[in-house]
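The first residue in the sequence is number 1, and the count goes up from there. Numbering of ligands and ligand atoms starts at 1, following listing order.
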Amino acid sequence: MSPASSPTDAWRMKKSLVALPVIMLLTGCSFLATETVSTIGEVSFDTPLAIPPIADSRVDATGTRVFELTAAASETRFGAGSATPTWGFNGSYLGPTLVADRGERVRVAVTNALDEPTTVHWHGMHLPAKMDGGPHQLIAPGETWSPTWTLDQQAATLWYHPHLHGETTEHVMRGLAGLFLVRDDAEAALDLPREYGVDDVPLIVSDVRFADDGSLDTEARRFVGPTGNELLVNGTLGPYLEVATTVTRLRLLNASSARVYDFRFDDGRDVALIASDGGLLESPVTTDHVQLSPGERAEVLVTMAAGETAVLRSTPPDLGGPAVTAGQSAGNDSFDVLELRASNRLKENASVPSRLAELERPDENAVTAERRFVLDGTQINNHEMEMDRVDEIVRLGATEVWDVTNNMALPHSFHVHDVQFQVLSIGGEAPPAELSGRKDTIYLRPNTAYRLIMRFDDYADAQWPYMFHCHLLWHEDQGMMGQFLVVAPGDEPALRESDHEHGG
Ligand code: C2O
Ligand code: CU
Ligand code: CU
């Protein structure tokens, strides 16, 4: 699948002491480091934004809410050009939105109608490792996998996508991704917009590059992986959204392989950031921009006046680090994302609550283990992922601090399965307000250390591991991933243990 002289081979040659100019020379021939894309002012906004349908479900005799997803190949017409071969769940591209309540037991029957294996991972979900849908839960062609679990976490915008070792980029970029919305009473009690697709609108943002024959170009040409030169929002090219209410809730998901977005409106208006990956913040953060790296989500409230339009854009993100960071990350690009069109009469539908949630923070005095993760090249702690090697053993019920360092001048990110963590510090400083809530994925600025606190409750399994990894999908595919087991007292891990030094 990967060509012999892929960008990673160049990175493997790199030792961390090699100076940046040498790295640039090593990689310059295969990477498009100089291409800068701007679609500002060039997007026609002539297509109504597609809204992924809410997935059908039924409640079976045991009270379990049952969903069905089928992954299959077909084709999609995104624009005027030729049809694009795509993959989707229950449709040609992306998948339906699963919605369920905290406390509900759910089961998702996932059928693989592709002619190759895939998996479906529930990103952000707290659930048993065996149900997690990582690389160990392969679904063979023609088979159905039916994980079941009970939702027990704060209301949140989660998502699902394939997670098979080495092929995640390809499967996600072809279109296999969808949202999973968890609802709960605390969120339902707030005066927030919540009419799906009307004033509570999902925005799944992916960057794509169409080849001349209409197919999606998924090749990695930069250190960060594949980046596109135009955007799809919920699979729509050039989308607009008619707004009929004063307040609109946008649920943003960066479903892209490698690109970091910095979303803002063309007129610089403020929005209220109300939620991050794991759900509502304690109180809204007034801001004029929201930066999201791959896999991250945010919910914002946008207030509009009758008759006006506002264009959501993505402008060059603040990636940290030297200029090479942006150059190797497509970080100088700008996009027109979506036009919001307010009608001439708006219904007053909601307000911006001043208080959103009470978040219990894991107790720092209760920390029983501290682990260190250093990301360099496409390795974590000098290791690449191996399916039969477990890298960390966590005790059930433990509160831990994970000290995660990006040891390079280039971007990475960090995602942990099973838990929602909270950020204690970034480079020794307290995190900004937008990172004060629950997170499962975080952008790692170059040469910066992040201290994350998390608790591993409820689910122990000595055999089936969870993953932690860089969520730049092509890095993940290169092996920038490790495995951890959560074990109950007295349980012997059933996987070969890593020989690296543990911090804990
Ligand atoms: Cu969104 Cu381990 O993945
Ligand atoms: Cu995940
Ligand atoms: Cu990475």
Side-chain angles (χ1 to χ4, degrees), residues 7-8 11 14 118-127 129 131-137 147 153 156-169 171-173 176-180 204 206 220 222-227 253-260 277-278 292-297 319-321 325 328-329 373-381 383-385 404-421 438-448 450 454 465-484:
T8 338
W11 283 95
K14 162 201 166 287
T118 191
T119 82
V120 176
H121 164 61
W122 317 103
H123 178 129
M125 194 75 75
H126 176 49
L127 79 183
M131 311 298 171
D132 191 43
H136 294 276
Q137 283 87 40
Q153 65 194 96
T157 305
L158 311 181
W159 66 302
Y160 59 92
H161 62 79
H163 208 302
L164 65 177
H165 189 32
E167 298 289 331
T168 294
T169 308
H171 285 217
V172 174
M173 289 188 83
L176 293 179
L179 290 170
F180 196 136
I204 304 174
S206 331
R222 299 174 192 264
F223 171 70
V224 291
T227 53
L253 160 64
N254 181 350
S256 307
S257 166
R259 181 179 291 286
V260 179
D277 304 335
L292 294 181
S293 72
E296 289 186 293
R297 289 86 65 211
L319 298 173
T325 311
Q328 280 300 325
S329 315
F373 300 88
V374 177
L375 286 80
D376 208 334
T378 53
Q379 299 184 325
I380 302 178
N381 292 343
H383 278 321
E384 270 156 25
M385 161 85 173
V404 183
T405 300
N406 177 357
N407 212 25
M408 301 180 73
L410 291 166
H412 289 294
S413 76
F414 200 72
H415 169 50
V416 189
H417 288 207
D418 181 42
V419 296
Q420 292 288 335
F421 54 76
R438 294 197 171 110
K439 296 280 297 165
D440 54 54
T441 307
I442 191 163
Y443 175 71
L444 301 180
R445 298 169 72 87
N447 299 307
T448 304
Y450 290 70
M454 60 202 93
Y466 296 104
M467 307 294 133
F468 58 86
H469 57 92
C470 180
H471 214 289
L472 305 185
L473 296 181
W474 184 75
H475 289 185
E476 176 187 337
D477 282 339
Q478 300 303 307
M480 198 164 205
M481 174 153 68
Q483 316 196 72
F484 68 98

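None of the N, O or S atoms belonging to H123 lies under 2.8 Å away from the Cu ion (ligand 2). Distances from the Cu ion (ligand 2) show that H415 has an N/O/S atom below 2.8 Å. In summary, no N, O or S atom of H121 is located under 2.8 Å from atom 1 (Cu) of ligand 1. Atom 1 (Cu) of ligand 1 has no N, O or S atom of H415 inside 2.8 Å of it. Distances from atom 1 (Cu) of ligand 1 show that H163 has no N/O/S atom below 2.8 Å.
A tilted orientation is assigned to the rings of H123 and H161, their planes being inclined by 30° to 60°. Ring geometry for H417 versus H469: interplanar angle over 60°, hence perpendicular rather than tilted (30 to 60°).
The atom of H469 that is an N, O or S and sits closest to atom 2 (Cu) of ligand 1 is NE2. Nearest to the Cu ion (ligand 2), among the N, O or S atoms that H121 has, is NE2.
Side-chain N/O atoms of E476 and H415 include no donor and acceptor closer than 3.5 Å. Neither side chain, T441 nor H471, offers a donor N or O lying under 3.5 Å from an acceptor on the other.
Taking the six-membered ring for Trp, Y450 and F414 have ring centres at least 6.0 Å apart. Taking the centre of each ring, F223 and H475 come in below the 6.0 Å mark.
Around atom 1 (Cu) of ligand 1, the angle linking H123 (ND1) with H161 (NE2) is 120°, rounded to 10 degrees.
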